[in-house]
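Let me begin by presenting the structure, written as structure tokens, before commenting on it.
What you see is a predicted model, and the numbers here were worked out from it, not measured in a lab. Read the numbers this way: they start at 1 and go in the same order the structure lists the ligands and their atoms.
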Amino acid sequence: MVIQVSLLVSCFFAIHLSVSEGVSCYGTFDNSTGKCLDFIGDDVTEEDCCLNIKYGFKRSANDPCEACYPAEWSEWSPWQGCSVTCLEGVQQRRRECYGQGSCEKDQTMLETRSCTQDCCPQNGGWSNWLPWSACSVTCSKGIMQRRRECTNPAPQCGGTCHGNNQETTVCDINQVCPTHGEWGNWGSWSACSASCTKKGSSDVPKYLRYRQCNNPPPSSNPPGIFCPGLGQEEKACSGLPPCPVDGGWGAWQKNDECSVTCGIGVETERRECNNPAPQHNGRECVGAKIRTTVCNTGLHCPIDGRWSEWSEWTECVRPLRDKIQCTKVAGQQKRTHLCERKAYGGLACKGLPTEIRNCYNTKGCIYQGTWSDWSDWSLCIPPCGKSEKTRQRLCKPIYPDYPNNTGIQRTSPTFFWGTPNALCQALDGQRRKVEEKADCLNTLPCNADMDSVSYNSG
Ligand SMILES: *[C@@H]1O[C@H](CO)[C@@H](O)[C@H](O)[C@H]1NC(C)=O
Ligand SMILES: *[C@@H]1O[C@H](CO)[C@@H](O)[C@H](O)[C@H]1NC(C)=O
């Protein structure tokens with residue numbers, strides 16, 4: 001016990017010492033109010049605080065602020081009010097001695113001078129009351145006010161009007177106040193509006209919930225205000241799988257060039273199922289991936305030349321010799337054909353337009369003849385119904401044994417040309433031609449379909 005008491009005593013002593021030595025130091029002494037400003041710190045020695053003579057300090061919280069600078073009078077305060085409101089009185093002003101040490105002894109801190117007021121206060125009189133204000137409410141009971149002014153007459157030399165310049169009274173509109181609506185509680189969230197999310201769609205699946213303006217509902221007479229705000233709220237659904245995206249065809253793209261370089265051909269176009277490509281188990285595109293379309297080069301294709309039929313051989317003649325008919329002298333003849341149809345850069349005909357050959361002229365000559373074998377049967381005439389066919393044996397001339405490869409073109413064969421008269425022994429009484437006719441058997445009837453049926457000439 002004894003030890004504890006001595007501890008307490010020494011502790012108290014230590015605190016007392018520090019309070020007596022330390023001051024609260026401030027950065028500014030305000031010489032117009034005598035107050036310390038700009039607190040710096042406690043427990044500073046007076047000497048340390050006043051190392052700057054602009055500073056001030058307090059010895060304890062309730063003591064006045066002391067300036068660090070050497071004692072000096074403050075400025076005079078303004079003159080105070082006159083001691084009377086009417087006729088002659090006095091007024092005073094003060095100054096304080098701030099700082100360390102004391103100010104000069106024979107100077108004073110208080111000055112007094114006399115003052116006079118020109119006139120004495122006279123009270124004014126009230127004007128009439130102004131009209132009542134509107135009632136403060138539009139239903140049930142409220143208040144209204146009216147005012148009057150101190151102008152009749154106005155007070156003089158600081159006088160006033162006695163009484164209130166304002167009056168208040170209760171007013172009753174005699175009407176029930178409307179009830180404004182208040183929201184009820186939110187209902188529970190609905191099911192999500194969709195089961196999957198469409199990529200890139202602004203239509204995001206959501207939950208909805210509603211509330212009603214029924215707690216209370218707005219009164220109808222007099223009409224109350226409907227609840228402010230929305231009766232519906234939405235929230236995006238989360239964690240939905242993406243929706244299937246069905247495939248769509250892209251544009252047709254040319255795949256191959258036109259199959260021809262002239263005239264009309266085909267070209268193929270291809271499209272891909274990528275607009276969009278099917279996703280998330282969406283359907284594949286339906287339809288063809290490749291199509292062919294007609295392409296037209298607009299160019300006429302070349303037409304190659306083609307030889308016309310040969311003309312008849314010309315008369316077999318020997319230039320510079322008059323007559324070679326029925327002689328052993330070889331002559332020459334020619335025939336021609338024309339390259340026809342060539343157009344649009346087509347190829348020319350191959351070969352020469354003229355052919356020349358060696359010949360013996362047998363026109364009208366008389367030779368021994370010999371009967372030919374039967375010719376093949378002719379066609380059935382007419383081609384349908386009852387019809388006939390023919391075949392012949394002809395009296396053919398036996399050409400004389402003239403040398404071959406003679407004439408102007410030595411290396412080419414020499415041909416007999418012309419129509420000689422052939423002398424044969426009479427056959428069935430004929431000298432030139434024996435003809436046999438026969439019915440065509442099992443012919444086909446003539447009808448409209450004949451053209452499409454092939455028939456046998458026998
Ligand atoms: C009071 O303080 C102001 C500046 O803080 C100074 O200009 C003035 O001279 C001081 N007045 C006196 C009487 O010390
Ligand atoms: C010469 O030979 C050709 C066939 O090589 C023949 O057609 C022609 O009749 C012959 N001419 C003569 C004069 O024998």
Item to complete: May I ask you to decide whether Arg147 forms a salt bridge with Glu167, counting only side-chain N to carboxylate O separations under 4.0 Å?
Response: no
Fill in: Basic-acidic side-chain contact under 4.0 Å: Arg393, Glu436
no
Practice prompt. Please round to the nearest 0.5 Å and tell me the distance separating atom NZ of Lys141 and atom SG of Cys135.
Written response: 11.0 Å
Item to complete: Identify the heavy atoms of Cys349 and Glu340 that sit nearest to each other, and give their distance.
Response: SG-N, 4.4 Å
Worksheet entry | By side-chain hydrogen bond (donor to acceptor under 3.5 Å, both in side chains) - contacts of Glu435 (at least two apart) | Gln392
Worksheet item: Is it true that the side chains of Thr28 and Asp38 contain a donor and an acceptor less than 3.5 Å apart?
Response: yes
Worksheet item: Using a 4.0 angstrom limit on heavy atoms, which residues are close to ligand 2?
Response: Tyr360, Tyr402, Pro403, Asn404, Thr414, Phe415, Phe416
